[in-house]
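As structure tokens, the structure follows; a few thoughts come after it.
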Amino acid sequence: MHAIEMSGLTKTYRARGGMVHAVAGLDLVVPVGGVHGFLGANGAGKTTSIRALVGHLRASSGEIRLLGARIPHELPTVIDRVGALVEQPSFFPNFTGRRNLALLAKSRGIPKSRVGAALATVGLTERADSRFATYSLGMKQRLGVAAVLLKDPEVLILDEPANGLDPPGILEMRNLLQRLGNEGRTVFVSSHILSEVQQTCDRVTVIARGRQITTGTVHELLATADAKFHVRVPGDQSERHVAATVLTNAGFEVLLDEKGELFVGVDAAHSDMVTKALADALIYVSLLAPVERSLEDVFLELTADPNASNGASPAGGAS
Amino acid sequence: MNLLGAELWRFTSRRIVKVTLVVVLLCMTGGMAIAAWQSEVDLSSRYDSYSEACFENPTYNTEGEIDLSECETIVAYSDDGRVRLNDLGNVLSATGVLFMLVAILVAASSLGAEFGAASLSTQLIFEPRRVRVWATKSVAVAIGTAAITAVLAAVLVAQFTAISAWRGITAVEDGFWNDRVLDVARLIAAGALGGLLGFAITGFARRTVAAVVVFIALFIIEPLLYQVTDLFDARLPLYPLIAFVTNPFREIAFEAEDAWGMGTLADAVIVPVVWIVALLVVTGWQFRRSEIR
């Protein structure tokens, strides 16, 4: 059993000028345990998918399972094992943070002691007795995460949890998510802060235009993306142009950037062919180094191509 | 029970509930203080015997009115501004309309605030059974508004009784207290019904202001419709509820047209109850199906 499964999830809205496909046949599998990133640009369908996952909206078609329970019909059977923060944290503005959490705890028969513990975990103890309306965006976000932790859930669904947090807050959030993932819980976190995802998540799923583009571990994603090597040859700019011509003729994909630096698209296993091709032309390589790629680079590459999602939704998306 | 407990806690924690309760209590106390101040103590010995004699064994003329020939000073008695415990029934009926409006306002504000703060989305993460959530909220509102009305009515009765004992007249009809207990019970029921009506209409309107506008419109439109045609007699929600509070049916000279077409107190309660049940079912169904933000 997986923590989260979505199969052919579709959500369509009527709008002026036709139908809007917010989610267009999304397939997603989140295994139990660890931190799973859910990546997509604004309007890719992340929040809509999460809202369908927690029963806040009904999918137009497709199937969703959460801890094996069909959503939305069987959601009540697993709700005590699931915590979620969807979009902006929504609480009563005139109640204190503590009272807002205490009300939620009481509605589910959760011991009062967990309220204090959850507030302490997110670093809100000192401001727990201030009105929610007086909280900064980051504090509201922390209270939202505290509400998620109240149930001591097996699965945490967090929609942009780092929104509004300052750098120390982001670091704390990253450590918290990693700790929760290491405890054996499943943390499903949507984000478009890719550097955070890269540092926090074990696995990621990338979506665009309401469909999955790719999924896997962060390492797999970085490895499967087109690898590039930085090639440096002795001599001036004309030597580099000659080297570029040689490599192009040898069948390599070559890029000479505006600074005159030479890059070759080749995977690590075949990088020796670059030196051989140049040596055959009596050009000797002084540097051949793999270009470090970030998740951001991979994400931008994957989501830039409209055909990457096997025929993306023509009507665009909404998040 | 956890959910109901949480809803009641949420309801009673709301600032508008506390502020409204305090404001109405202050207004009532102010009104009572004025009534006490205006009461003519010096005249009490002079008029007590007349008024008590008049009300202990009243005789009625053929039109159902008290025969004034047996208590000639009745005009002077009416003008002396004294607080008479025997008038408590009328005071409860008149003030009960205000209590019911308070219940409607508090209930509308309570649900309107939830839609406004979008707190339902967080709440449904903890209890996703929406029909249960909706039903529990409506029960909490009914209990909460009934409790508010009970407090207000109890304070009114206590203040009125104390002032009539201090500077007024305490002589009462037979069965007076039994009737007042029924009056207060009716007011509490009206408070709960008013609260539910406010809740149900806000369920449609989704905003407190919109719900209040609907109620103001009902206040204006309902009597106009009653005047234009008999078609709506005993069919609209608000004025039957008012009739349930004011209870004109006990008047000897009562006619159905005085109570917007309703003949009995039962009519006055059944009409709003049918409306409230229908509105709660429809809004509950709507809430079950709608997208939550």
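Chain A is the first sequence line, chain B the second, and so forth, proteins listed ahead of strands; every chain is numbered from 1. Both backbone and side-chain heavy atoms feed into the values below; hydrogens, waters and symmetry mates do not.
Counting heavy-atom neighbours within 6.0 Å of B/Lys18 NZ, excluding the residue itself, gives a total above 12. For A/Arg114, the CZ atom sits in a packed shell: over 12 heavy atoms of surrounding residues, nucleotides or ligands are nearer than 6.0 Å. With a 6.0 Å radius and a threshold of 12 heavy atoms from other residues, nucleotides or ligands, A/Glu183 has its CD atom above the threshold.
At a 4.5 Å heavy-atom cutoff, B/Glu7 makes no contact with chain A through either its backbone or its side chain. Interface remark: B/Arg15 contributes side-chain atoms only to the contact with chain A (heavy atom separation under 4.5 Å). Only the side chain of B/Arg130 comes within less than 4.5 Å of a heavy atom of chain A; its backbone N, CA, C and O stay farther away. Of the atoms belonging to A/Phe95, it is side-chain heavy atoms, and not backbone ones, that fall under 4.5 Å from chain B.
For the set A/Val82, A/Asn94, A/Leu85, the count of heavy-atom pairs under 4.5 angstrom toward chain B peaks at A/Asn94. Comparing B/Ala117, B/Pro128, B/Ser290, B/Ala113 by heavy-atom pairs within less than 4.5 Å of chain A, the highest count is held by B/Pro128. Of the listed residues (A/Ile157, A/Leu57, A/Leu104, A/Ile110), the greatest number of heavy-atom pairs within a distance under 4.5 Å of chain B belongs to A/Leu104.
The distance from atom CZ of B/Phe126 to atom CG of A/Leu150, rounded to the nearest 0.5 Å, is 4.5 Å.
Here the closest non-hydrogen pair linking B/Thr122 and A/Ser90 is OG1-O, 2.7 Å. In plain terms, the two heavy atoms of B/Arg288 and A/Arg58 that are nearest each other are O-NH2, 4.3 Å.
Annotation: side chain of B/Ile125 is in contact with side chain of A/His56 (closest heavy-atom distance under 4.5 Å). No side-chain heavy atom of B/Asn2 sits under 4.5 Å from any side-chain heavy atom of A/Ser107.
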